[in-house]
Amino acid sequence: MISKKTIAIKFLLLLLLCVFASGDAEVRCIEREREALLSFKNGLIDDDSSLSSWRRDECCEWHGVECSNTTGHVITLQCDNCGLQGEIGSSLLELHHLIDLDLSMNDFGGIQIPGFIGSMKQLQHLFLSRSNFSGSIPPQLGNLTNLRSLDLSYNPLSLISPFIFGFVFGSLETMDLSYNQFTGLMPDLRAFPSLINLDLSGNNFTGSIPVSIGQLSKLQVLDLSRNSLEGLVSESHFSKLHKLKTLDLSFNSLILDIAPDWSPPFQLNYIYLAGCSLGSFPKWIQTQMNLSHLDLRGANITDEAPRWLWNMPSSLHRLYLSDNQISGTVPNLSSTSIKLIDLSYNQFSGHIPPFPINASIILLSGNMLSGAISSICKTRKASLNYLDLSNNQLEGEVPNCWEKMPKLYTLNLANNSFSGEIPLSLGDIRDLTILRMHGNHFSGELPNSLRFCQRLRFIDVEGNKIPTWIGFVEINCMEVFLPRYAILLIFKFWICP
Ligand SMILES: *[C@@H]1O[C@H](CO)[C@@H](O)[C@H](O)[C@H]1NC(C)=O
Ligand SMILES: *[C@@H]1O[C@H](CO)[C@@H](O)[C@H](O)[C@H]1NC(C)=O
Ligand SMILES: *[C@@H]1O[C@H](CO)[C@@H](O)[C@H](O)[C@H]1NC(C)=O
Ligand SMILES: *[C@@H]1O[C@H](CO)[C@@H](O)[C@H](O)[C@H]1NC(C)=O
Ligand SMILES: *[C@@H]1O[C@H](CO)[C@@H](O)[C@H](O)[C@H]1NC(C)=O
Ligand SMILES: *[C@@H]1O[C@H](CO)[C@@H](O)[C@H](O)[C@H]1NC(C)=O
Ligand SMILES: *[C@@H]1O[C@H](CO)[C@@H](O)[C@H](O)[C@H]1NC(C)=O
Ligand SMILES: *[C@@H]1O[C@H](CO)[C@@H](O)[C@H](O)[C@H]1NC(C)=O
Ligand SMILES: *[C@@H]1O[C@H](CO)[C@@H](O)[C@H](O)[C@H]1NC(C)=O
C-alpha cells in the first residue's frame with residue numbers, strides 16, 4: 001500500500017525538480033556575448049552547417065556553446081571537427097569568461113594562430129589541434145597565465161625553437177605540440193613546473209635532452225619520440241619524475257647510459273625505447289611492477305635475454321623486442337598474460353615455446369628456432385590472429401590442428417624446412433586471409449579444404465614441391481604464387497581488380 005505520505009513526498013520531489021529544471025531554462029545568454037558569437041560565425045565558412053543552431057535567442061543552447069549555470073556567461077566554445085574554414089574573428093574577445101576554447105580538427109587554411117587569443121586571459125584550455133595553422137606561435141599567447149592545457153598538435157607550425165618556451169605559464173599541466181615542424185635545440189622546461197603531460201613527439205628537435213627535465217616532479221607522460229635528439233640519457237634526467245607513467249623516447253639517436261643497479265623513482269605503465277641505443281638489457285626494467293607495454297625494438301641490444309624478462313608481472317600485455325641481437329631460448333610462456341609478443345629478427349634458438357594462452361599476435365620470424373612445431377596443438381589458442389614463424393630452422397610436418405585457432409587471419413611459415421603435406425585443417429580457419437608457406441619442402445597438393453576459407457586473399461607456396469591446383473577458381477579474389485611451372489597454367493586467376 002502506498003501511503004498518502006509517500007505520495008506527498010513524491011509530489012514535493014517532482015515540484016523541486018521542476019523548479020530546478022525551469023531554473024536552468026531561465027538562464028538567458030548575455031546579449032553582447034550572443035552578438036559576439038554571431039559575428040564570429042559570420043567570419044567562418046560553415047559548409048557542414050555545424051553551426052545551424054546558432055540563430056535562436058538562447059545562445060547557451062547553441063551547438064558547442066556552454067554557459068555558466070550561475071552567471072549565464074559563455075564559458076565553453078567547443079567546435080571541434082565542425083568542418084569550419086575561414087577567419088577567426090576577434091569578436092571572441094567579448095567572451096570575457098571563456099574558459100575552454102576548442103577549435104580542433106577544422107581547416108583554417110594555413111593562417112597563423114590569431115594573436116588576440118593571448119588577450120583572453122581567463123582561458124584555461126586551448127585546443128587548436130589538426131586545424132591547419134602554420135607559421136610561428138604568436139608571442140601574445142604567453143599572456144595566458146591561467147592556461148592549464150595547450151594542444152597545438154598536428155599543425156604545420158614551425159620556427160628555430162617555439163617562442164612558447166620563453167613564456168611563463170606557471171599553471172600549464174598539458175602541453176601537446178606533437179607532429180608540428182618545430183626545429184632547433186630541445187628547450188629547457190623549468191618554466192613549466194606544473195606539467196603533467198608533455199608531448200613534443202614528431203617534430204625535429206635536436207641536441208640533447210636538457211637534464212632539467214628531471215625536475216618536473218608532476219610529470220606523468222613524457223613523449224619525445226620521433227625527433228632528432230641525440231646524446232646520453234642518464235639517471236639525472238629522471239631524478240624527480242616520481243609520478244611518471246609513460247616514457248617514450250623512441251626513434252631519436254639517444255644512448256641510454258644508466259647504471260645497472262639504478263633504482264628508478266617511478267613505476268611505469270608504458271616504456272617505449274625503440275631505436276635508442278641500449279647495448280644490453282636494461283636491468284632497471286625488472287623493478288617496474290605495473291608495466292603494460294615494453295617496446296625495445298631496434299635498440300642495439302646485444303645480450304642474452306635475462307630470466308626475469310619472462311617473469312614480468314601479469315600487467316605486461318605487449319612485448320616488442322624485434323631487430324636486436326638478443327640470444328637465448330624462449331621458455332614456456334603459456335601462463336603469461338602477454339597478448340602481443342614480437343621477438344622477430346634476433347638470435348633466439350631452441351624450440352618454439354608454448355605460446356601465451358591469450359596471445360593474439362605472435363611474431364618469431366628471423367631467429368634460429370629449430371625442431372618441430374607439433375607442440376602448438378597441445379592447447380586451444382582461441383584468440384590467436386597472427387602467427388609468424390617464418391625465416392627460422394623449423395622442420396618436420398606442420399600439425400593438423402588448425403581448428404584450434406579459428407581466428408587466425410595471417411599464417412606465415414615461409415623459409416623454414418617444413419616437409420610433408422599441407423594440413424587439411426587449414427580449411428577450418430574461416431578468417432584466414434594470408435597464407436605464406438614458400439621456401440619449404442612441402443609436397444602433395446594444396447588441400448581442397450582451402451576453398452572454405454572465404455576470406456583468403458593471398459597464398460604463396462612457391463619454392464615447394466606442390467603442383468597446380470585446379471580448385472582455385474572457387475576463390476574469387478586473391479593473389480596466388482604457385483611454383484613457377486604452374487604460374488603459366490593459372491595466370492588467369494589473378495582476378496583481383
Ligand atoms: C550546469 O547544470 C547542469 C545540470 O545540472 C550540469 O549538468 C552542468 O554540468 C552544469 N554546468 C556547469 C558548468 O556547472
Ligand atoms: C591547409 O591550408 C592550405 C592553404 O589553404 C591548403 O593548401 C592545404 O591543403 C590545407 N591543408 C590541410 C591538411 O587541410
Ligand atoms: C601580451 O604579450 C605581448 C607580447 O609578448 C606583450 O607585448 C604585451 O604587453 C602583453 N600584454 C599584456 C596585457 O600583458
Ligand atoms: C632536422 O634538423 C636537422 C638539423 O637542422 C636537419 O639536418 C634535418 O634535415 C631536419 N630533418 C627534418 C626531417 O626536417
Ligand atoms: C651499440 O652498442 C655498442 C655497445 O654495446 C656500441 O659500441 C655501439 O656504438 C652501439 N651502436 C649504435 C648504433 O649506437
Ligand atoms: C599499479 O597500477 C594500479 C592500477 O593502475 C595501481 O592501483 C597501483 O598502485 C600501481 N602499482 C604501483 C606499484 O605503481
Ligand atoms: C607450460 O606451462 C603450462 C602451465 O604452467 C603447463 O600446463 C604446460 O604443461 C607447460 N608446457 C610445457 C611444454 O612445459
Ligand atoms: C586469459 O583470458 C581469460 C579470459 O579473459 C582470463 O580469465 C585469464 O586470466 C587470462 N589468462 C592469463 C594468463 O592472462
Ligand atoms: C623468404 O626468403 C626470401 C629470400 O631470402 C625473401 O626474399 C623472402 O622475403 C622471405 N620470406 C619471408 C616471408 O620473409
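When a ligand or atom number is given, it counts from 1 through the structure's own listing order. Not measured: the values here are computed from a predicted model.
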Strictly by salt bridge (Lys or Arg N to Asp or Glu O under 4.0 Å), give each pair with a member in residues 131-157 just once, sequence neighbours left out. Arg148-Glu173
Ligand-side contact atoms (ligand 2) for residue partner Asn132, heavy atom cut-off under 4.0 Å: 1 (C), 2 (O), 3 (C), 8 (C), 10 (C), 11 (N), 12 (C), 14 (O)
Residue pairs, two or more places apart or on separate chains, that pass salt bridge (Lys or Arg N to Asp or Glu O under 4.0 Å) and touch residues 93-103: Arg32-Glu94
Look at the SG atom of Cys29 and the SG atom of Cys60, then say if they are under 2.5 Å from each other. no
Tabulate distances under 3.5 Å between N/O atoms of ligand 8 and N/O atoms of the protein, writing both atom names on each line.
from: ligand 8; atom 1: 2 (O); to: Asn358; atom 2: OD1; distance (Å): 3.1
from: ligand 8; atom 1: 2 (O); to: Asn358; atom 2: ND2; distance (Å): 2.3
from: ligand 8; atom 1: 11 (N); to: Asn358; atom 2: ND2; distance (Å): 2.9
from: ligand 8; atom 1: 14 (O); to: Ser337; atom 2: OG; distance (Å): 3.0
from: ligand 8; atom 1: 14 (O); to: Asn358; atom 2: ND2; distance (Å): 3.4

Give the atom numbers and elements of ligand 2 that come within less than 4.0 Å of a heavy atom of Asp107. 1 (C), 14 (O)
More than 12 heavy atoms of other groups within 6.0 Å of His351 NE2: no
Phe266 vs Trp262 aromatic rings, parallel, tilted or perpendicular, using cut-offs 30° and 60°? perpendicular
Within the structure, does Asn332 bring an N/O atom to less than 3.5 angstrom of an N/O atom in ligand 7? yes
How would you list all residue pairs meeting salt bridge (Lys or Arg N to Asp or Glu O under 4.0 Å) that involve residues 386-412, not counting sequence neighbours? none
Test side chain to side chain contact (heavy atoms under 4.5 Å, CB included), reference Ser337, set Ser314, Pro313, Ser315, Ser292, output is Ser314
